[in-house]
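What you see below is based on every heavy atom in this structure, not just the backbone, and it leaves out hydrogens, waters and symmetry mates.
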There are 2 protein chains.
Amino acid sequence: MKRNTWQREAVRAALADNDGFVSAQALHASLREGGSSIGLATVYRALADLAEEGEADSLQQDGEALYRACTPGSHHHHLICRGCGLTVEIEADAVEQWARDVAAAHGFTRPEHVVDVFGLCAACAELQANPSPS
Amino acid sequence: MKRNTWQREAVRAALADNDGFVSAQALHASLREGGSSIGLATVYRALADLAEEGEADSLQQDGEALYRACTPGSHHHHLICRGCGLTVEIEADAVEQWARDVAAAHGFTRPEHVVDVFGLCAACAELQANPSPS
DNA sequence: TTATCTGCAAAGCATTTGCAATAGT
DNA sequence: ACTATTGCAAATGCTTTGCAGATAA
């Protein structure tokens, strides 16, 4: 059976404290800075578990896995700012349906999908237009 | 300026010869088997260039980058079999529109999106149901 | 000629794994 | 007690990089 260790709780909490996506490395570093003595491998293992149990979303970026807390069972997608990492949760019922349909139309079963939209948020777009403001 | 070497051509050709997504490693191996003496690093560099120039799609799976030839400028998505890697190109005009709308609704500009649907193709679903057929 | 590209081997990174010690239950 | 979990360090696997020699322009 799955045991309840303070390490797992720490990872769960650190993930919840964070608004955007975090890498395992970053999460481990921040836990260490917070005085925890948790090991890196443990963070990896905990995150993998959380993701499998549906308590965390994960996505791949630049060859590293990023995680984010999410309410169990709910399925949603993200709008992510390329500049500052700001993440907005988005509803995508229409896309869910479309994914199921397109999979079925080609004889595919057990469909899952990855849908993420990247862009520049208003603030970052502003920054890019005026690199040195005021 | 960008030079035209036989290595770059070889990578472009090998990619075009392949129907699904291929890893850099696999592409390098197949080129070597074909008698080429191209180096692994060169394959990586060529693929990165092709992807940047829009001549190749790329996606991340299991911590490795997969590439696939694509007609420059065209934008499409993929339905990928988790079992055998079979890839079907899918139209997603509705999703394109949705992505643009959702980005705009949140003040995001220059939207790009990642939309991939994974599933089990008919053949692989069959195999999983009957692990050792006839 | 000469700036870019190649190949090799050596890093570099994120992630995984083996194993003895530790700590839930 | 029993066994899952931890932490460390070593191992793995993909990708990048430094550099000397090759090569396209």
Side-chain angles (χ1 to χ4, degrees), chain A residues 1-15 18 20-53 55-69 80 85 114 116, chain B residues 1-15 18 20-53 55-69 80 82 85 114 116 118:
Chain A
M1 181 184 140
K2 195 140 290 179
R3 288 182 184 171
N4 229 6
T5 64
W6 65 265
Q7 286 95 333
R8 243 175 248 278
E9 271 319 312
V11 169
R12 205 198 307 273
L15 206 57
N18 212 308
F21 280 89
V22 217
S23 70
Q25 305 271 357
L27 206 59
H28 175 247
S30 99
L31 281 164
R32 285 294 190 133
E33 276 178 31
S36 172
S37 66
I38 193 171
L40 177 58
T42 304
V43 174
Y44 273 101
R45 292 190 268 236
L47 284 174
D49 285 353
L50 289 177
E52 188 164 1
E53 292 163 24
E55 293 194 56
D57 282 340
S58 74
L59 69 85
Q60 297 261 327
Q61 198 173 195
D62 293 324
E64 73 179 350
L66 302 183
Y67 298 88
R68 183 184 197 282
I80 303 152
V114 176
D116 287 300
Chain B
M1 181 187 141
K2 195 139 290 179
R3 287 182 184 172
N4 228 5
T5 64
W6 65 265
Q7 287 96 331
R8 244 175 247 276
E9 271 317 313
V11 169
R12 205 198 306 272
L15 206 57
N18 213 307
F21 280 88
V22 217
S23 69
Q25 306 269 355
L27 205 61
H28 175 246
S30 101
L31 281 163
R32 286 293 191 132
E33 276 178 32
S36 172
S37 65
I38 193 171
L40 177 58
T42 304
V43 173
Y44 274 100
R45 292 189 267 234
L47 285 174
D49 284 353
L50 288 177
E52 189 166 359
E53 291 163 24
E55 293 195 54
D57 282 340
S58 74
L59 70 84
Q60 296 260 325
Q61 198 174 194
D62 293 325
E64 70 177 351
L66 303 182
Y67 297 87
R68 183 183 196 283
I80 304 153
R82 271 195 301 273
V114 176
D116 287 301
F118 295 85

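In this structure, B:Leu15 and B:Ala69 approach most closely via the heavy-atom pair CG-N, 3.6 Å. Closest approach of B:Ala65 to B:Gln60, counting heavy atoms only: CB-NE2, 3.8 Å.
In this structure, B:Asp49 and A:Trp6 both approach DNA chain C, and ranking their closest nucleotides by distance from the 5' end singles out B:Asp49. Mapping B:Asp62 and A:Ile38 onto DNA chain D via the closest heavy atom, the residue that lands nearer the 5' end is A:Ile38. Residue-to-nucleotide proximity on DNA chain D shows that, of A:Arg3 and B:Glu64, the 5′-proximal contact is made by A:Arg3.
For B:Thr42, taking side-chain heavy atoms from C-beta onward, the closest of the listed nucleotides C:dA14, C:dT6, C:dA9 is C:dT6.
Taking 4.0 angstrom as the limit, A:Tyr44 places none of its side-chain polar atoms (N or O) nearer than this to OP1 or OP2 of C:dT16. Residue A:Ser23 places no side-chain N or O under 4.0 Å from the OP1 or OP2 atom of C:dA14. For the pair A:Gln7 and C:dG24, the criterion of a side-chain N or O lying under 4.0 Å from OP1 or OP2 is not met. OP1 or OP2 of C:dT6 lies within a sub-4.0 Å distance of a side-chain N or O belonging to B:Arg8. Taking only side-chain nitrogens and oxygens, B:Thr5 never comes nearer than 4.0 Å to OP1 or OP2 of D:dA24.
Among B:Thr42, B:Leu27, B:Thr5, the one residue that satisfies the side-chain contact (heavy atoms from CB on, under 4.5 Å) test with B:Val11 is B:Leu27.
Straight-line distance from the NE2 atom of A:His28 to the C1' atom of C:dT16: 15 Å, rounded to whole Å. We find that CD of B:Gln25 is positioned 15 Å from P of D:dT12, with the value rounded to whole Å. Between the P atom of D:dT5 and the CG atom of A:Leu47 lies a distance of 15 Å, rounded to the nearest Å. Rounded to an integer number of Å, the gap from CG of B:Leu40 to P of C:dG12 is 18 Å.
The line from CZ of A:Arg8 to CD of A:Glu55 is 10.5 Å long, rounded to the nearest 0.5 Å.
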